[in-house]
Protein chains: 2
Amino acid sequence: MSVLTDLKIKERSDRKDLIIDAAERVFSTRPFNRVSMREIAGEAGIAPSSIYTYFPNQEALFVEATIRDSNLLIEEIAGIVERTRAGRPVLDRVIDSFIEFISKHDSYFRMMVVFMTIGSLSPESLKRLNEVVRRGFRVFEAAFKKMGYRGNSRILAYHIFAMLNGILVTYRKLPGRNDEKIIAHMKRVAKVFRELLQSKIRKDRQ
Amino acid sequence: MSVLTDLKIKERSDRKDLIIDAAERVFSTRPFNRVSMREIAGEAGIAPSSIYTYFPNQEALFVEATIRDSNLLIEEIAGIVERTRAGRPVLDRVIDSFIEFISKHDSYFRMMVVFMTIGSLSPESLKRLNEVVRRGFRVFEAAFKKMGYRGNSRILAYHIFAMLNGILVTYRKLPGRNDEKIIAHMKRVAKVFRELLQSKIRKDRQ
DNA sequence: TGTACATCAGTGAACGCGCGTTCACTGATGTAC
DNA sequence: TGTACATCAGTGAACGCGCGTTCACTGATGTAC
């Protein structure tokens with residue numbers, strides 16, 4: 001019985017993933033005010049009403065998608081921080097990976113911005129999203145420690161997270177440039193922070 | 001005849017302002033997916049159709065509102081940079097003023113984010129908004145020069161603008177804190193950048 | 001092995017709603033003689 | 001000063017549309033005997 005139940009749960013989660021995949025494809029091809037349950041259902045090849053078998057409403061679907069992608073991103077960054085040996089340029093790698101991930105997962109980023117800007121989420125959703133963000137902070141802190149920063153790395157984590165978000169919001173849609181150029185530009189702008197921080201760390205060591 | 005024409009133009013611009021004022025009041029009290037032409041008209045005390053006497057469509061109204069506020073903000077920052085004597089902490093003042101302005105003009109910020117995220121503006125609107133952003137960069141550059149920074153102040157301007165945007169997007173709606181605390185938090189996080197930059201300027205001077 | 005029944009993912013049609021925008025019109029104001 | 005006409009800001013009703021969500025149902029699959 002337990003085996004069967006497990007199978008059921010697995011199946012259910014597979015189907016949820018399928019719907020989330022479709023939602024992301026829609027999110028990354030339409031302006032977000034055009035993303036509708038009908039559109040998502042069409043992309044997934046099911047009836048709009050079927051979505052409600054797996055998600056209680058639209059917000060829950062978007063939140064679940066965001067959390068799924070956040071976990072991917074956090075794992076990727078955590079892996080980089082872990083694998084980088086002391087003395088190697090961990091922050092550059094973290095910055096590059098963050099910017100590349102979000103450029104590749106446009107849908108994820110747009111959902112994030114919607115949540116941050118709308119500010120009318122259910123308490124349950126808010127709680128889940130906040131938990132993810134806090135885990136993200138911890139990974140950034142680990143990176144600063146690895147760089148040899150001895151000051152308050154919590155506020156640095158607040159700073160870099162917001163700074164990277166800002167660069168993505170601000171330059172994601174530079175008119176008249178292709179994606180590659182835009183990504184290069186974003187990385188260059190983000191590394192201003194890394195250079196300043198490194199210069200400070202060296203100075204403090206003296 | 002010219003005098004009368006001038007009066008007409010003045011009147012027209014006054015009425016546009018009136019509608020923009022109403023739009024901003026609506027924008028700052030409703031989540032932005034609830035901001036409608038009907039709602040704005042109601043707030044302005046006119047019929048929805050009357051808005052179309054002054055603005056060709058919704059996008060044009062939002063763009064005009066954004067540009068009006070941007071000019072206010074840029075003038076404020078430019079004034080601060082101009083009035084601050086050399087050696088005084090110009091960047092702290094600029095940061096504080098930026099964060100306070102945008103916290104006070106929530107509607108402005110939300111429109112900005114919508115534009116940056118949607119990416120489906122008409123070329124005309126895009127051009128006008130870009131022109132404003134470029135003027136903003138120039139003001140930031142002036143501030144860095146005033147601080148005695150001798151390096152590439154253009155990329156610093158790109159950086160600080162995006163960083164401030166990011167801080168506002170990310171922390172504007174921290175759950176469980178009042179506005180005052182949130183503003184203080186944002187200023188603290190933004191000043192990480194100022195501290196690092198100042199440390200670098202001092203080091204370069206040695 | 002065959003039959004009756006239970007479960008439940010998935011459906012299609014519909015509900016009620018609010019949206020941006022258009023358009024024929026009204027009525028106040030200004031102009032010409 | 002009085003009358004006919006032109007202008008045009010502002011209106012109310014309507015257009016067509018797409019939205020999130022609900023619900024009575026179907027039909028495939030699994031279970032019990």
Side-chain angles (χ1 to χ4, degrees), chain A residues 1-23 26-27 29-65 111 114-115 118 120-122 125, chain B residues 1-23 26-27 29-65 111 114-115 118 120-122 125:
Chain A
M1 190 56 196
S2 158
V3 177
L4 272 183
T5 311
D6 285 359
L7 266 179
K8 276 259 171 76
I9 288 170
K10 171 85 172 61
E11 248 176 55
R12 197 178 158 81
S13 131
D14 281 353
R15 271 165 236 220
K16 283 178 105 171
D17 268 341
L18 214 134
I19 294 170
I20 291 177
D21 288 342
V26 175
F27 240 103
T29 52
R30 308 251 185 301
F32 67 65
N33 42 358
R34 289 275 163 71
V35 177
S36 67
M37 297 304 255
R38 264 166 259 257
E39 197 93 50
I40 293 166
E43 179 69 36
I46 58 176
S49 49
S50 301
I51 297 178
Y52 292 84
T53 307
Y54 298 97
F55 301 93
N57 52 47
Q58 197 183 47
E59 181 189 298
L61 166 58
F62 291 170
V63 168
E64 202 117 349
M111 283 188 269
V114 171
F115 294 149
I118 275 190
S120 67
L121 287 172
S122 74
S125 301
Chain B
M1 192 54 198
S2 157
V3 177
L4 271 184
T5 311
D6 284 359
L7 266 179
K8 275 259 171 76
I9 287 170
K10 172 86 172 63
E11 246 176 57
R12 196 179 159 79
S13 130
D14 280 353
R15 271 166 237 222
K16 282 177 108 169
D17 268 340
L18 214 132
I19 293 170
I20 291 177
D21 288 340
V26 175
F27 240 102
T29 53
R30 306 251 185 302
F32 69 66
N33 43 358
R34 289 277 162 72
V35 177
S36 67
M37 297 304 256
R38 264 166 259 256
E39 198 93 50
I40 292 166
E43 180 69 35
I46 59 177
S49 49
S50 301
I51 297 177
Y52 292 85
T53 308
Y54 298 97
F55 302 92
N57 52 47
Q58 196 183 49
E59 180 188 299
L61 165 58
F62 290 169
V63 168
E64 201 117 349
M111 283 187 270
V114 172
F115 294 149
I118 274 190
S120 68
L121 286 172
S122 74
S125 301

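Protein chains get the first letters and strands the later ones, always in sequence-line order, with residue 1 at the start of each.
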Exercise. Just wondering, do I46(A) and L18(A) contact through their side chains at under 4.5 Å, heavy atoms?
Worked result: no

Exercise. Which nucleotide, in any strand shown, forms a Watson-Crick or G-U wobble pair with dT1(D), with both distances under 3.5 Å?
Worked result: none

Problem set entry | S50(B) vs dT11(D): side-chain N/O to OP1/OP2 distance below 4.0 Å | yes

Exercise. Are F27(A) and F62(A) an aromatic pair by the rule of ring centers under 6.0 Å?
Worked result: yes

Exercise. So what's dG20(C) paired with, Watson-Crick or G-U wobble, going by both distances under 3.5 Å?
Worked result: dC15(D)

Seminar exercise, completed: To the nearest angstrom, the CG-C1' distance between L18(B) and dA9(D) comes to 14 Å

Exercise. When every nucleotide of nucleotides 18-24 of chain C is labelled 5' to 3' by its protein contacts under 4.0 Å (heavy atoms), B for base, S for sugar-phosphate only, - for none, what sequence of letters results?
Worked result: -BBBBB-

Problem set entry | Contact check, side chains of Y54(A) and I20(A), non-hydrogen atoms, under 4.5 Å | no

Exercise. Rounded to the Å, how far apart are D14(A) CG and dA9(C) P?
Worked result: 14 Å

Exercise. Who passes side-chain hydrogen bond (donor to acceptor under 3.5 Å, both in side chains) against S122(B), sequence neighbours left out?
Worked result: E59(B), S125(B)

For this session: For the pair D14(B) and K10(B), evaluate side chain to side chain contact (heavy atoms under 4.5 Å, CB included) and give the outcome as yes or no after the intermediate values.
Result: CA-CA 6 Å; D14(B) 280 353; K10(B) 172 86 172 63; 3.0 Å; yes

Problem set entry | Between C1' of dG10(D) and OH of Y54(B), the distance in whole Å | 8 Å

For this session: Output all residues satisfying side-chain hydrogen bond (donor to acceptor under 3.5 Å, both in side chains) with D17(A), sequence neighbours left out; order by chain, then residue number.
Result: R68(A)

Exercise. Could you state the CD1-C1' distance from I40(B) to dG10(D), rounded to the nearest angstrom?
Worked result: 17 Å

Problem set entry | Under 3.5 Å on both distances, the Watson-Crick or G-U partner of dT7(C) | dA28(D)

Exercise. Taking CZ from R12(B) and C1' from dG10(D), how many angstroms apart are they, rounded to a whole number?
Worked result: 13 Å

For this session: Could you check which of dG10(D), dG10(C), dT11(C) has an atom nearest any side-chain atom of R15(B)?
Result: dG10(D)

